[in-house]
Amino acid sequence: MSENKPLGLSGTTSESKSESKIEPCLPAKRALEGEQPNEASKRALTEQPGTARVLPQFRVANDPLKDGEGAAGAVNPDNANEGGNAKAKAKAKKRRGQNKDRDNRQPKEQNALCPNLVLGQTTCPRRETCRHEHDVSKYLSLKKPEIITSYFPTCPNFSTLGYCPMGFRCRFLSTHSANTTDSSTNNPNSDLHADPQPQLLPNAAMSAENPLWLANHEINKIDPQKKRELARKQIAFVKSDFVVDIMEALRNAPIPNANPVSGPTQSQQDRRKELINKYKDTRFFAQEKKPLDLHGKKILAPLTTVGNLPYRRLMRKLGADVTYSEMALALPMIQGTSAEWALPTSHISESQGYGIQLACSKPWQAAKACEAISTCLDTTSAISEINLNSGCPIDLLHRQGAGCAMMENPAKLIRCLNAMNYTSNDIPITLKLRTGAKDNHPIADTLITRIVQETDVAAFTLHGRSRQQRYTRDADWNYISQTAAALRMAEQTRLENKDDRDSSQSRIQFVGNGDIDNYQDWHRILDSDSNIDSLMVARSALIKPWIFEEIDAQQHLDKSSSERLQILRDYADFAMQHWGTDEYGIATSRRYFCEFMSFFHRYVPVGVLERVPIRMNQRVEKWKGRDELETLMASEDSRDWIKLSEMFWGKAEGFVFVPKHKSSMRG
Ligand SMILES: Cc1cc2nc3c(=O)[nH]c(=O)nc-3n(C[C@H](O)[C@H](O)[C@H](O)COP(=O)(O)O)c2cc1C
Ligand SMILES: [Zn+2]
Ligand SMILES: [Zn+2]
């Protein structure tokens, strides 16, 4: 990558250091002048070696307290999704500087008001056994204080819905009820402003489970009844059993229910033979699929924890065309686990171009999770793809044979993809990969060639790093380009063979991923390599959520602190519409706000820098902002992130947030 001369707006070279004005931005096409497209595509991303310089008036002396671990860009998102199993955690390789055992889940409200009374009803049908508070006045006297903030003069749910489903539990109660300290009005939506009656929610069962669900334009939710049936193993996975049976027969695997001593029965053996004869020459998994078009789309990567629904809603508002759920694990989904089924839920603004991402270690898990998605959600029309994650490097998944480990067992990966393809009905199946397990042994190109021959995968996303590499060094865009070319060759061969598919089959989509953090690289890569359909952006969309706007405008945008605060306010708004405005909802919103800040604070404004762009992983001189708010927003100290949250939600009493990186903890 870096052996080539960087293009366009490169380098803090020694002669450029003395310049104190911002270099004008060249449109991507200018940067390409005189180059053969294919050469350009093989070049490194725009590069700025060394420490990025800020304008003299913004420089500050080094603060040893803040000289934590390396560059602001050194945040290493490995293990972003590691959780659970304490034993596994203990075994996991220790990485310095990380708070490995952090748990930022927020406690539930003490003395919570009975859900049957929150909207002013007077009776609880299970009063004898119900463990919630039933004395509304007492509840109100003990409740956390009202949130008074100019950023939300009215409860965000009340102002969007015309009533507040949180009722008496709302921390903005005074904005929709005249009296916040006694229950005599018996109506927490008695306000002043608008319709005091909750609108009838279309599905009573779902709204009982979560009153915000149907009111706040969220879709792709599991029917609670179906979730219970999953937990009780009452769902028949007809398609999964069928397809897995055939696969096992064809690969001559041991018969699962065979007697360990006497072996399979005659009828089991006969069934195997029958399956082999019937299906050995067919594509039994082939299905009619919805078309999938990622070409030129602005794609936000799947992001565990930070890529939650409110953040994705924000990114849709800021121009993302395609978004993905946080990675959901197939096994807990099949078992009906609520936390896992919360992950596929999306906002209505994500209806076009939304993928659910899965991780699994066995074909039967993959098959059943897809069958559950295609049969248990309220709708499947708003799911454009189910994406299998075979790029996740974390040890916890790797030990189970999931994530990156899938790439090391191509036959199993192919069985998973085919099983998913069959059980997902018309939803296309896509795959996300890394280059391979080892640094010097990339395998994605040969693997993709084989997958094209043996499956009906609709799209590939390649993150140009190996598992071993994690996030160190740059993504390898030469290799990404090479793999995209290998895909096109394989696709061509398949079309020529035409044995099992018609020639109208749409082009398999290829998405490159890794280190994209400015519009020039985006356009340069897409303009120069026609094998690549689009690019996926992860970390830089957290640091600079308006990156897609920059891509459209073909400019580096200098967002002021107040514009950035507006983005944070939108996030806070969407967070409360999702998690609620009661005590738990506010604490949860605040927690995810801080998770977002752990990336967002790394932005260095264009107007502060000597030259743009700087790279995401580049060290930056110590700097102060153009105003106090800008300086505060750039703080690496997690206590300052909490301080920012107080602008929206008031004092954070009793709130604990452990940042992922120890360098973000001060004091
Ligand atoms: C906080 C965080 C969480 C992530 N979670 C996932 C995930 O759930 N699934 C996945 O396929 N990749 C995940 N990734 C990897 C990204 O999708 C992406 O492949 C990677 O960060 C490289 O892109 P970038 O250089 O633009 O950041 C995560 C990355 C980060 C930073
Ligand atoms: Zn009750
Ligand atoms: Zn409210």
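By convention here, the first residue in the shown sequence is residue 1. When a ligand or atom number is given, it counts from 1 through the structure's own listing order.
- Between Glu326 and ligand 1 there is no heavy-atom distance shorter than 4.0 Å.
- We find the SG-CD1 distance between Cys416 and Ile429 to be 11.0 Å, quoted to the nearest 0.5 Å.
- With respect to Tyr324, the side chain to side chain donor-acceptor pair (under 3.5 Å) criterion is satisfied by exactly one of Glu385, Arg312, Lys432: Glu385.
- A donor-acceptor pair shorter than 3.5 Å cannot be found between the side chains of His661 and Glu636.
- When distances to the Zn ion (ligand 2) are checked against a cut-off of 2.8 Å, His132 contributes no N, O or S atom below that limit.
- With ligand atoms numbered from 1 in the order given, ligand 1 contributes 10 (C), 11 (O), 12 (N), 15 (C), 16 (C), 17 (O), 18 (C), 19 (O) to contacts under 4.0 Å with heavy atoms of Lys432.
- Short contacts between ligand 1 and Asn389, defined as distances under 4.0 Å to a heavy atom of the residue, involve ligand atoms 9 (N), 10 (C), 11 (O).
- The backbone and the side chain of Arg539 each have at least one atom closer than 4.0 Å to an atom of ligand 1 (non-hydrogen atoms only).
- Rounding to 10 degrees gives 110° for the angle at the Zn ion (ligand 3) between SG of Cys155 and SG of Cys164.
- Interface atoms of ligand 1 facing Met327, defined by a heavy-atom separation under 4.0 Å, are 8 (O).
- Remark: ligand 1 and Ala538 share an N or O pair separated by less than 3.5 Å (distance only, no angle test).
- Ring to ring, Phe596 and Trp641 are not that close: their centroids are 6.0 angstrom or more apart.
- Counting heavy atoms under 4.0 Å from ligand 1, residue Val306 touches it through the side chain alone.
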Chi angles and distances behind the side-chain contact (heavy atoms from CB on, under 4.5 Å) call for Phe172, Ile148 = CA-CA 8 Å; Phe172 295 89; Ile148 312 287; over 6 Å; no

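- At least one N/O-N/O distance between Asn513 and ligand 1 falls below 3.5 Å.
- Under the side chain to side chain donor-acceptor pair (under 3.5 Å) test applied with Glu218, the options Arg313, His578, Gln577, His347 reduce to a single match, His578.
- Put simply, no part of Gly391 is less than 4.0 Å from ligand 1, judged by heavy atoms.
- For Glu550 and Lys544, the salt-bridge test passes: some basic side-chain N is under 4.0 Å from an acidic carboxylate O.
- In terms of polar-atom proximity, Phe599 is not counted as a contact of ligand 1, lacking any N or O under 3.5 Å from an N or O of the ligand.
- The side-chain heavy atoms of Leu358 and Asn387, taken from C-beta on, include no pair separated by under 4.5 Å.
- The one candidate from Arg467, Arg434, Arg465, Arg473 that meets the salt bridge (charged side-chain N to carboxylate O under 4.0 Å, His left out) condition with Asp439 is Arg473.
- Annotation: angle subtended at the Zn ion (ligand 2) by Cys114 SG and His134 NE2 is 100°, to 10°.
- Short contacts between ligand 1 and Ala301, defined as distances under 4.0 Å to a heavy atom of the residue, involve ligand atoms 17 (O).
- The pair Lys297-Asp321 does not meet the salt-bridge criterion, since no charged nitrogen lies less than 4.0 angstrom from a carboxylate oxygen.
- Within ligand 1, the atoms closer than 4.0 Å to a non-hydrogen atom of Gly514 are 25 (O), numbered from 1 in the order shown.
- Near Asp515, with a cut-off below 4.0 Å to any heavy atom, the atoms of ligand 1 are 24 (P), 25 (O), 26 (O).
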